[in-house]
J.: 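Before I ask anything, let me first share the structure, which is written out below as structure tokens.
Only a predicted model underlies this, so the values are computations on that prediction, with no experimental measurement involved.
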Amino acid sequence: MGVRASSRPRVFRAIRDQAILAGCSLLTVMVASFAMLRLIPGDPARRIAGSNVGPAELEQIRQGLGLNDPILTQLKDYVVGVFTGDLGTSYSSQQPVSTIIADRLPKTLELAGAGFVLAVGIGIPLGLLVGALTRDGLRPRLSAAFTGTTSFVQSIPDYLLAALLVLLFAVLIPVFPVAGASGVISLVLPATAVAAGAAAILARVTRVETLAVLSADYVRAARVKQLSTRRIYGVHVLPNVMTSALTISGLILTALVGGTVVVENVFAWPGLGTELVRAISQRDYPVVQAIVLMLGVTIVIVNLLVDVLISALDPRSLLRAS
């Protein structure tokens with residue numbers, strides 16, 4: 001579906017507004033992560049120095065880390081560092097934070113990407129199939145079983161599902177490795193733990209949208225015209241269902257990026273999640289701030305790309321939003 005010339009400026013303005021909103025969101029994430037870290041009890045300098053260091057040496061460490069500077073000065077230095085590409089140095093390992101991010105981020109994206117592909121590959125086809133089979137009140141038992149099963153899977157926390165998968169398929173039935181990243185086979189269990197709930201949500205949403213489209217007048221008219229089933233679903237049903245499915249998929253992908261933090265720790269996956277937990281326990285402010293910011297950047301970019309993709313498929317969506 002094309003965009004009329006008179007509507008194009010409104011679409012561009014809507015995309016521009018989305019980009020501005022994304023920038024404001026990232027600034028909020030930066031300030032919020034900085035503030036929350038300072039509210040966590042514990043002294044990073046004491047963590048570094050240990051318990052046998054005297055007050056004078058402890059004060060020297062605090063001075064070297066900049067922890068004695070006024071809080072607004074620390075915030076200014078952090079924001080300036082982000083915009084100049086300097087994320088700081090880890091308190092505990094003395095490595096540049098950018099190096100830590102570069103080492104860990106690919107593994108997190110690999111896990112989130114695998115989970116997303118699995119969720120979309122299962123959720124959308126399953127929702128379409130069940131929606132087609134249960135249209136007009138057909139097969140009520142299948143409808144009830146589908147609703148009950150997806151609700152149950154959706155309600156299981158990621159960490160609990162991850163632990164169950166380890167118990168079943170790594171301990172009782174040793175098919176997959178318990179932990180670590182030793183090839184594609186080690187990705188199966190963590191990706192399944194990340195994707196299961198998302199696939200259930202996507203399947204339910206897709207089924208509801210499929211039922212709504214199948215009951216629409218233009219689909220009924222297509223049946224009256226005795227169009228082939230392939231044409232009805234390929235031309236009339238699938239494109240209309242995919243707009244809503246893409247919207248939910250974008251939200252799911254952002255949730256998967258955050259959900260990997262928990263799952264990574266269960267499977268000792270060497271991504272940002274395990275590093276984030278370690279950094280929080282060590283009060284390693286630069287690492288925590290950088291990881292939270294990186295996760296925020298990833299989520300904002302995904303949302304922005306989804307908005308642009310939906311606008312390409314259905315320009316009216318951005319026009320309505322604007």
Side-chain angles (χ1 to χ4, degrees), residues 29 32-33 36-37 40-42 100-101 103-123 126 148-205 248-284 287-296 298-299 302:
V29 168
S33 63
M36 286 188 294
L37 278 174
I40 298 176
I100 297 174
I101 297 295
D103 290 341
R104 297 278 186 158
L105 180 60
K107 284 297 181 183
T108 294
L109 295 180
E110 180 183 351
L111 178 55
F116 179 72
V117 170
L118 193 59
V120 171
I122 294 175
L126 181 61
T149 302
T150 52
S151 297
F152 175 73
V153 173
Q154 179 184 342
S155 66
I156 303 176
D158 290 345
Y159 69 88
L160 180 58
L161 180 59
L164 289 174
L165 289 174
V166 170
L167 177 63
L168 290 175
F169 299 107
V171 178
L172 297 179
I173 308 173
V175 178
F176 301 101
V178 176
S182 56
V184 176
I185 192 170
S186 63
L187 185 61
V188 174
L189 291 185
T192 302
V194 167
I201 295 173
L202 189 55
R204 296 186 68 176
V205 171
I248 299 299
S249 297
L251 297 175
I252 284 175
L253 181 55
T254 59
L256 289 180
V257 172
T260 57
V261 173
V262 176
V263 174
E264 282 182 8
N265 283 275
V266 175
F267 291 96
W269 186 262
L272 291 179
T274 51
E275 182 64 22
L276 178 62
V277 172
R278 184 210 62 78
I280 291 174
S281 66
Q282 296 292 325
R283 306 296 186 272
D284 200 338
V287 175
V288 176
Q289 289 169 173
I291 291 177
V292 171
L293 177 62
M294 188 57 59
L295 294 175
T298 303
I299 289 171
V302 168

J.: Grab the two heavy atoms, one from Ser186 and one from Gly183, that are nearest each other, plus how far apart they are.
T.: OG-O, 2.6 Å
J.: Which heavy-atom pair separates Leu111 from Ala191 by the least distance, and what is that distance?
T.: CD1-N, 3.6 Å
J.: Return yes when atom CZ of Phe176 has more than 12 non-hydrogen atoms of other residues, nucleotides or ligands closer than 6.0 Å, and no otherwise.
T.: yes
J.: Pair Val261, Leu295 - check side-chain contact (heavy atoms from CB on, under 4.5 Å), show working.
T.: CA-CA 10 Å; Val261 173; Leu295 294 175; 4.1 Å; yes
J.: First locate atom OG1 of Thr298, then atom CE of Met294, and finally report the distance between them rounded to the nearest 0.5 Å.
T.: 6.5 Å
J.: To the nearest 0.5 Å, what is the distance between CG on Leu187 and CZ on Phe267?
T.: 10.0 Å
J.: Output the distance between atom OG1 (Thr150) and atom CG (Leu202), rounded to the nearest 0.5 Å.
T.: 11.5 Å
J.: Going through the checks in order, is the side-chain contact (heavy atoms from CB on, under 4.5 Å) test met by Ile291 and Ile101?
T.: CA-CA 7 Å; Ile291 291 177; Ile101 297 295; 3.7 Å; yes
J.: Ignoring hydrogens, what is the shortest heavy-atom contact between Leu165 and Leu189? Give both atom names and the distance.
T.: CD1-O, 3.6 Å
J.: Output the distance between atom CD (Gln154) and atom OG1 (Thr149), rounded to the nearest 0.5 Å.
T.: 12.5 Å
J.: Between atom CZ of Arg204 and atom CG of Leu126, what is the distance when rounded to the nearest 0.5 Å?
T.: 12.0 Å
J.: If you apply the rule side-chain contact (heavy atoms from CB on, under 4.5 Å), what do you find for Thr274 with Arg104, and how did you get there?
T.: CA-CA 9 Å; Thr274 51; Arg104 297 278 186 158; 3.0 Å; yes
J.: Is the shortest side-chain heavy-atom distance between Arg278 and Asp284 below 4.5 Å?
T.: yes
J.: Please check: side-chain N/O of Arg283 versus main-chain N/O of Pro41, any donor-acceptor pairing under 3.5 Å?
T.: yes
J.: Which atom pair, heavy atoms only, marks the closest approach of Val287 to Ala279?
T.: CG1-CB, 3.6 Å
J.: With side chains defined as the heavy atoms from C-beta onward, is the minimum distance between Ser33 and Val288 less than 4.5 Å?
T.: no
J.: Ignoring hydrogens, what is the shortest heavy-atom contact between Lys107 and Ala181? Give both atom names and the distance.
T.: NZ-CB, 3.9 Å
J.: If we ignore hydrogens and angles and just use 3.5 Å, is the side chain of Ser151 paired with the main-chain N or O of Gly148 as donor and acceptor?
T.: no
J.: Which atom names give the shortest non-hydrogen contact between Gly115 and Val194, and what distance separates them?
T.: CA-CG1, 4.4 Å
J.: I'd like to know whether Trp269 forms a side-chain contact (heavy atoms from CB on, under 4.5 Å) with Thr108, so could you lay out the CA-CA distance, the side-chain angles of the two residues, the decisive distance to 0.1 Å, and finally the verdict.
T.: CA-CA 8 Å; Trp269 186 262; Thr108 294; 5.5 Å; no
J.: Taking only residues two or more places apart in sequence, or in another chain, which ones meet Leu293 in a side-chain contact (heavy atoms from CB on, under 4.5 Å)?
T.: Met30, Tyr78, Val82, Val297
J.: Rounded to the nearest 0.5 Å, how far apart are CD1 of Ile252 and CG of Leu256?
T.: 7.0 Å
J.: Are Leu272 and Leu105 side-chain neighbours, meaning at least one heavy-atom pair lies under 4.5 Å?
T.: yes
